[in-house]
Amino acid sequence: MHADRAEAVQVPGKPNLDGLETKWDAAWASSGVYAFDRTAPRERVFSIDTPPPTVSGSLHMGSVFGYVQTDAVARYQRMAGKAVFYPMGWDDNGLPTERRAQNYFGVHCDPSLPYDPDFTPPATEGIGADGKKVKRTEACSRRNFVELCIELITADEVVFEATWRRIGLSVDWSLLYQTISDEARATSQRAFLHNLARGEAYQAEAPTLWDVSFATAVAQAELEDRERPGAYHRLAFHRVDDAGAVTGDDVFIETTRPELLAACVALVAHPDDERYAPLFGTTVATPVFGVRVPVLAHELAEPDKGSGIAMICTFGDTTDVTWWRELELPTRAIIGRNGRIRTETPEWITAAGDDAVTAYETLAGKTVFSAQEQMVGLLRASGDLIGEPEPISHPVKFYEKGDKPLEIVTSRQWYFRNGGRDPELREMFAKRGTQLDWVPDHMRHRYQHWVDGLNGDWLVSRQRFFGVPIPIWYGVDADGEPDHDTVLVPDESALPVDPSSDTPPGYDESQRGAPGGFVGEADVLDTWATSSLTPQIACGWGRDDDLFARTFPMDLRPQGPEIIRTWLFDTIVRAHFEHGTLPWKRATINGWILDPDRKKMSKSTGNVVTPLALLENYGTDAVRYWSTSARPGTDTAFDEGQIKIGRRLAIKLLNASRFALNSGATDPDPAHITEALDRALVTRLAGVVATATAAFDAFDYARALEVTEAFFWDFCNDYLELVKGRAYGDDAEPADATLSARATLATALDTVLRLFAPFLPFVTEEVWSWWRPGSVHAAAWPTGEPPAWPTGTDDTVLAVAADVLGAIRHAKSDAKVSMKAPVATVVFTDSAERGAALEAAASDVVDAGVVTTLVVEQSDDDASPTAIEVTLDQTD
RNA sequence: GGGCGAUUAGCUCAGUUGGCCAGAGCGCUGCCUUUACAUGGCAGAUGUCGGGGGUUCGAGUCCCUCAUCGCCCACCA
């Protein structure tokens with residue numbers, strides 16, 4: 001080994017993977033290899049709209065899977081010369097944090113309370129007057145509540161960041177953002193105000209899907225169906241003659257929600273349904289209450305469902321809403337926002353007579369469940385329940401985070417236009433979907449399908465507390481009533497604002513709620529209304545114009561398939577309104593992780609594998625290997641075996657590198673690569689580089705990994721064995737052949753480390769540090785193109801040499817002898833070309849196979865197959 | 001009911017624009033302590049490419065159809 005290089009090369013005696021994560025994470029943090037170059041012009045920037053994970057303190061397998069795949073792409077882009085803008089964000093705005101703060105501090109928010117700067121949360125448990133332990137919870141203002149939420153998550157986020165650093169993401173942690181930060185709230189409010197000014201945000205009094213336990217409105221995108229038991233109840237409605245008297249003829253309907261009978265506004269059947277055609281336009285009386293309702297026709301009524309005629313209530317389901325709107329029916333709501341039957345008797349019941357009032361009063365204040373029992377009792381008593389309820393199982397709409405079925409209530413809410421009520425706008429958003437590059441391409445159908453199925457605008461107001469406040473106030477009229485048509489807006493320079501504690505321009509706090517004064521909007525924005533602005537938040541829109549110009553529209557949005565309808569679509573909506581562009585060029589959609597039974601891993605099914613133990617046991621690189629083995633967008637079964645393979649690969653990399661470097665392979669100078677076998681190896685490597693590069697350019701990191709890995713194992717098994725002897729040359733005066741082997745080993749090692757760097761950042765960096773300057777992650781992606789490497793050869797020499805070596809091993813394996821066992825003769829019969837190729841590597845083959853005599857014969861016929869006869873030396 | 005995807009060795013998966021005997025790894029079997037690695041190495045066996053049609057000289061690959069699984073959507077009285 002050259003003395004001048006011996007100092008530069010420091011190979012540990014027995015390298016291992018332990019501790020590499022801690023060592024290199026700290027080194028990268030201090031050296032700033034992943035820092036974004038703010039001077040880079042837009043065309044050299046690659047910007048990534050990272051999904052901000054919900055801060056929970058724990059890490060899920062699915063997160064590791066998706067983020068690592070994106071990180072591999074980010075690392076490739078960086079090595080390929082891009083200034084990678086790769087921020088991380090924490091999604092700490094919203095319901096999960098709100099719930100945790102309530103439990104942790106024992107508080108709940110009352111937005112009507114004034115801010116108390118000295119507020120301290122109560123002890124969460126105390127001793128009550130009766131001497132028993134009680135859970136304490138105390139009300140506080142919204143601003144106090146938000147302060148407590150922020151206090152809680154700030155502590156959590158320190159731990160969370162440490163956890164995330166373990167998976168080796170090459171994010172620039174200095175760009176970390178929080179969706180509840182002042183900057184994010186200001187961005188969200190600014191965008192809202194712009195939407196308001198342009199008419200893209202509006203308020204409306206409308207039937208709204210309502211979660212009774214959270215007491216908040218929910219949007220179409222947050223719904224999910226759950227199969228629930230129910231029962232068909234067959235009810236008799238009574239026909240009424242022109243004079244208004246009950247005739248004795250009955251009409252039978254079937255319903256799963258008899259408790260809504262008091263909210264019935266009409267019956268409806270299909271216009272072509274001959275059974276009911278004579279009834280259209282007539283009036284019937286509801287059972288028990290005797291409320292007069294019309295019988296109407298509408299094509300949404302399905303003749304073969306139930307009895308073919310349905311009662312319309314305000315509101316039992318979304319079909320009722322459609323009928324109510326299209327048939328211009330009155331609103332007769334009986335369910336309050338608390339999910340109970342309204343206590344005051346409605347006027348249409350009062351108008352129906354004393355019996356109706358008496359009946360209603362037995363329902364008033366009951367929950368939906370008890371009201372149903374009571375109503376069934378009433379119907380049974382009046383003889384209007386026909387037969388017994390028939391149990392069924394049917395899908396019921398739920399808020400995805402809720403545990404009670406949704407009700408539909410009428411309320412004043414804020415909406416963003418999204419094409420759900422405007423065919424032209426819908427067409428525009430469909431077009432945006434076609435302009436986006438999708439990886440994999442078929443994911444575009446999911447977007448298209450969602451846009452096609454939109455049936456209303458985006459409901460963005462939420463009756464929650466920890467979120468971005470809707471930044472407006474309403475005027476209060478002379479009678480002290482809020483006038484929702486008088487909307488007061490803040491100055492943009494004042495953002496973020498909280499209307500419950502800040503005042504609108506031109507007013508002071510004494511005017512809050514006073515006649516002629518103002519009242520703050522109590523609602524907050526849906527978390528998606530803020531998350532849909534992650535490109536604007538991360539890129540510094542309205543805050544740092546220079547940064548924004550260098551990074552927006554972004555290059556990449558990586559995310560899961562389940563939030564195409566929410567995060568992806570909503571982000572496109574906001575960017576379209578605000579900037580008239582797509583928010584990014586391309587979206588990569590990752591697949592699911594399935595458990596071995598092919599079920600999606602999720603918390604609710606309890607089949608989650610926690611990644612932390614895997615990271616501990618096998619090392620981060622091993623887990624990353626498994627994650628990046630999965631094709632983009634492809635669901636993958638969790639397979640611990642694959643992680644073990646990753647660990648083996650990382651260890652192999654350590655050992656092969658150690659061997660190559662200890663053989664003197666430190667100078668990759670291509671001028672020394674003169675031997676045919678070596679040139680063949682380099683030629684093959686150039687092919688691998690080309691394939692891996694093309695794969696990465698198509699965002700197919702898995703293929704890049706696959707070809708690199710295949711090359712590396714062949715390299716270890718064949719090439720390394722073949723050149724072992726030659727590389728161990730005389731160090732004082734190395735022969736050209738020795739120099740050639742060493743230069744080739746160095747070239748291959750140098751290149752393989754770069755090729756693996758996006759996947760196995762820790763072990764590649766470790767090996768790189770033994771002999772190369774700087775960080776492998778700041779090194780250039782290999783090109784493998786002339787003039788750097790020798791050309792004019794193909795890899796036939798390597799292929800033939802590997803074939804012969806394989807045949808020799810085969811013979812030894814069959815004979816059950818050591819691979820060190822000597823071989824008397826090898827007779828190789830093949831074409832002239834392959835024969836010549838073997839001759840060129842003859843000494844290496846003879847050396848590696850311990851062969852005494854190697855004979856090369858030319859076959860008569862070029863088409864005849866290769867024949868390799870191996871005769872073992874029997875003397876010992 | 002609609003849309004999208006999947007179905008290849010016991011298991012997990014590759015198979016790029018249709019082209020010679022269909023591949024990898026794991027697992028399995030046998031052998032080898034070989035001075036980079038026993039956290040190893042070498043070798044071996046294993047497939048009606050979900051079923052059925054069709055196009056083609058030729059189909060795992062293209063078309064039709066059926067089945068199963070998964071995800072998403074739907075106005076679920």
Side-chain angles (χ1 to χ4, degrees), chain A residues 11 14-17 223 225 227-228 230 232-233 253-257 260 267-268 298-302 305-313 316-323 392-397 440 442-446 448-450 452-455 561-562 564-565 591-592 594 596 598-600 618 626 629-631 633-642 644-645 647-663 691 694-695 698 700 702-703 706 709-710 713 716-717 720-721 724 728 805-806 808-821 850:
Chain A
V11 183
K14 187 140 177 104
N16 70 74
L17 300 174
L223 304 182
D225 285 350
E227 199 68 23
R228 282 297 137 107
Y232 281 128
H233 300 74
I253 64 104
E254 291 190 4
T255 178
T256 56
R257 301 205 61 183
L260 290 176
L267 298 188
V268 66
H298 193 282
E299 58 279 357
L300 276 183
E302 293 185 34
K305 201 167 280 180
S307 58
I309 185 165
M311 72 169 181
I312 303 172
C313 303
D317 60 33
T318 53
T319 319
D320 282 341
V321 177
T322 306
W323 280 326
I392 55 155
S393 178
H394 64 153
V396 178
K397 285 200 186 308
H442 69 253
M443 290 292 179
R444 68 174 66 251
H445 298 296
R446 298 201 186 198
Q448 185 66 45
H449 201 211
W450 171 251
D452 289 345
L454 285 169
N455 57 27
E562 78 283 13
I564 289 174
R565 65 176 178 160
W592 295 118
L594 308 172
R598 309 211 67 77
K599 295 273 165 39
K600 181 195 158 193
Y618 300 110
W626 166 72
S629 296
R631 248 68 195 172
T634 303
D635 295 348
T636 306
F638 174 74
D639 184 1
E640 199 161 332
Q642 282 297 308
K644 291 180 184 171
I645 308 303
R647 181 174 176 82
R648 197 180 64 159
L649 174 63
I651 291 170
K652 191 79 174 175
L653 208 45
L654 287 176
N655 287 312
S657 303
R658 174 179 163 228
F659 170 68
L661 294 173
N662 284 342
S663 304
T691 306
D700 190 354
R703 176 140 177 79
E706 185 189 19
E709 188 189 5
W713 284 108
C716 291
N717 294 338
L720 230 41
E721 294 298 329
K724 242 177 199 179
Y728 277 130
L805 189 59
I808 293 168
R809 286 169 175 159
H810 195 167
K812 291 177 180 177
S813 186
D814 281 352
K816 300 187 179 182
V817 296
S818 161
M819 288 296 141
K820 253 190 340 193
V850 200

Remember a base hit wins even if backbone is also touched, and classify A:Q448 as base, sugar-phosphate or nothing at under 4.0 Å, heavy atoms. nothing
Assign each of A:A310 and A:L17 the nucleotide of RNA chain B bearing its closest heavy atom; nearer the 5' end lies the nucleotide of A:L17
Which nucleotide wins on minimum distance to the side chain of A:Y232, given the candidates B:rA77, B:rC71, B:rG44? B:rA77
What nucleic acid atoms does A:K644 come within less than 4.0 Å of, heavy atoms only: base, sugar-phosphate, or nothing? nothing
Any side-chain donor-acceptor pair under 3.5 Å between A:E721 and A:N717? no
pair A:C716-A:K652: side-chain heavy atoms closer than 4.5 Å: yes
Considering only side-chain heavy atoms of A:R631, which listed nucleotide, B:rG15, B:rA43, B:rU39, is closest? B:rG15
What nucleotide among B:rC75, B:rC13, B:rA36 has an atom nearest to a side-chain atom of A:A637? B:rC13
C1'-based separation of B:rG27 from B:rA67 [nearest Å]: 30 Å
Of the listed nucleotides (B:rA36, B:rU34, B:rG30), which one gets closest to any side-chain atom of A:C716? B:rA36
Rounded to the Å, how far apart are A:D452 CG and B:rC4 P? 12 Å
To the nearest 0.5 angstrom, please state how far the NZ atom of A:K14 sits from the CG atom of A:L654. 11.0 Å
Can you name the closest pair of heavy atoms from A:K812 and A:S818 and give their distance? CD-O, 3.7 Å
When you match A:S629 and A:V817 each to their closest nucleotide on RNA chain B, which lands nearer the 5' end? A:S629
In whole angstrom, give the distance that lies between atom CD of A:E721 and atom P of B:rC42. 8 Å
Give the rounded distance in Å between these two atoms: CG of A:D635 and C1' of B:rG5. 8 Å
Does B:rA36 have its OP1 or OP2 closer than 4.0 Å to a side-chain nitrogen or oxygen of A:K724? yes
Which of the following nucleotides, B:rC72, B:rA43, B:rA14, is nearest to the side chain of A:E706? B:rA14
Rounded to whole Å, CZ of A:R658 lies from C1' of B:rG40 at a distance of 13 Å
Roughly how far apart, to the nearest Å, are B:rC69 and B:rU29 at atom P? 34 Å
If the C1' atom of B:rC75 is compared with that of B:rC71, how far apart are they to the nearest Å? 22 Å
Are A:H445 and B:rC72 close enough that a side-chain N or O sits under 4.0 Å from OP1 or OP2? no
Side-chain N or O of A:N16 less than 4.0 angstrom from OP1 or OP2 on B:rU39? no
From CZ (A:R446) to CZ (A:R565), nearest 0.5 Å: 11.5 Å
Answer yes or no: is there a side-chain heavy-atom contact under 4.5 Å between A:K397 and A:D317? no
Atom pair NE2 (A:H298) and CD1 (A:I312), whose distance is rounded to the nearest 0.5 Å: 8.0 Å
Reckon A:T634 touches a base, only the sugar-phosphate, or nothing at all at heavy-atom distances under 4.0 Å? sugar-phosphate
Integer angstrom distance from the C1' of B:rG58 to that of B:rA74: 44 Å
Taken to the nearest whole Å, CH2/A:W713 to C1'/B:rC42 is 14 Å
Closest to the A:W450 side chain: B:rC76, B:rC73, B:rA36? B:rC73
Nearest 0.5 Å, what's the CD1-OH distance between A:I645 and A:Y618? 10.5 Å
Gap between atoms CG and C1', on A:L300 and B:rA77 respectively (whole Å): 11 Å
Would a 4.5 Å heavy-atom cut-off, applied to side chains only, mark A:T256 and A:H233 as touching? no
Does A:T255 reach a base, just sugar-phosphate, or nothing at all? Heavy atoms under 4.0 Å. sugar-phosphate
Side chains of A:H810 and A:D814: does their closest heavy-atom pair fall under 4.5 Å? yes
For RNA chain B, report each stem as range with range, ordered by first number, or say none. Use Watson-Crick or G-U wobble pairs under 3.5 Å, at least 3 in a row. B:1-7 with B:67-73, B:10-13 with B:23-26, B:28-32 with B:40-44, B:50-54 with B:62-66
Can you list everything that forms a side chain to side chain donor-acceptor pair (under 3.5 Å) with A:W626? Sequence neighbours excluded, please. none
Answer whether the closest heavy-atom distance between the side chains of A:I564 and A:W450 falls below 4.5 Å. no
When the P atoms of B:rC37 and B:rG30 are compared, how many Å lie between them, rounded to an integer? 26 Å
Would you measure the distance from the P atom in B:rG2 across to the matching atom in B:rC64 and give it in whole Å? 16 Å
Between B:rG15, B:rC42, B:rC72, spot the one nearest the side chain of A:H449, thanks. B:rC72
Which letter, B, S or -, goes with each nucleotide of nucleotides 20-28 of chain B from 5' to 3', with contact meaning a protein heavy atom under 4.0 Å? -----SS--
Roughly how far apart, to the nearest Å, are B:rC49 and B:rG10 at atom P? 12 Å
Distance between P atoms of B:rU61 and B:rG52 (Å, rounded): 13 Å
Reckon A:K14 has a side-chain N or O less than 4.0 Å from the OP1 or OP2 of B:rA38? yes
Is there a side-chain contact between A:E706 and A:R631, using heavy atoms and a 4.5 Å cut-off? yes
Using a heavy-atom cut-off of 4.0 Å across all strands, would you classify A:G591 as base, sugar-phosphate, or nothing? nothing
Calculate the interatomic distance between A:R703 atom CZ and B:rA14 atom C1'; express it in whole Å. 8 Å
Distance in angstrom units between A:K816 NZ and B:rG41 P, rounded: 21 Å
Does A:K652 have a side-chain nitrogen or oxygen under 4.0 Å from the phosphate oxygens OP1 or OP2 of B:rG41? yes
For A:A301, report the nucleic acid contact type (base, sugar-phosphate, nothing); a contact means any heavy atom under 4.0 Å. base
Checking all strands, does A:S813 fall into the base, sugar-phosphate, or nothing category for heavy-atom contacts under 4.0 angstrom? base
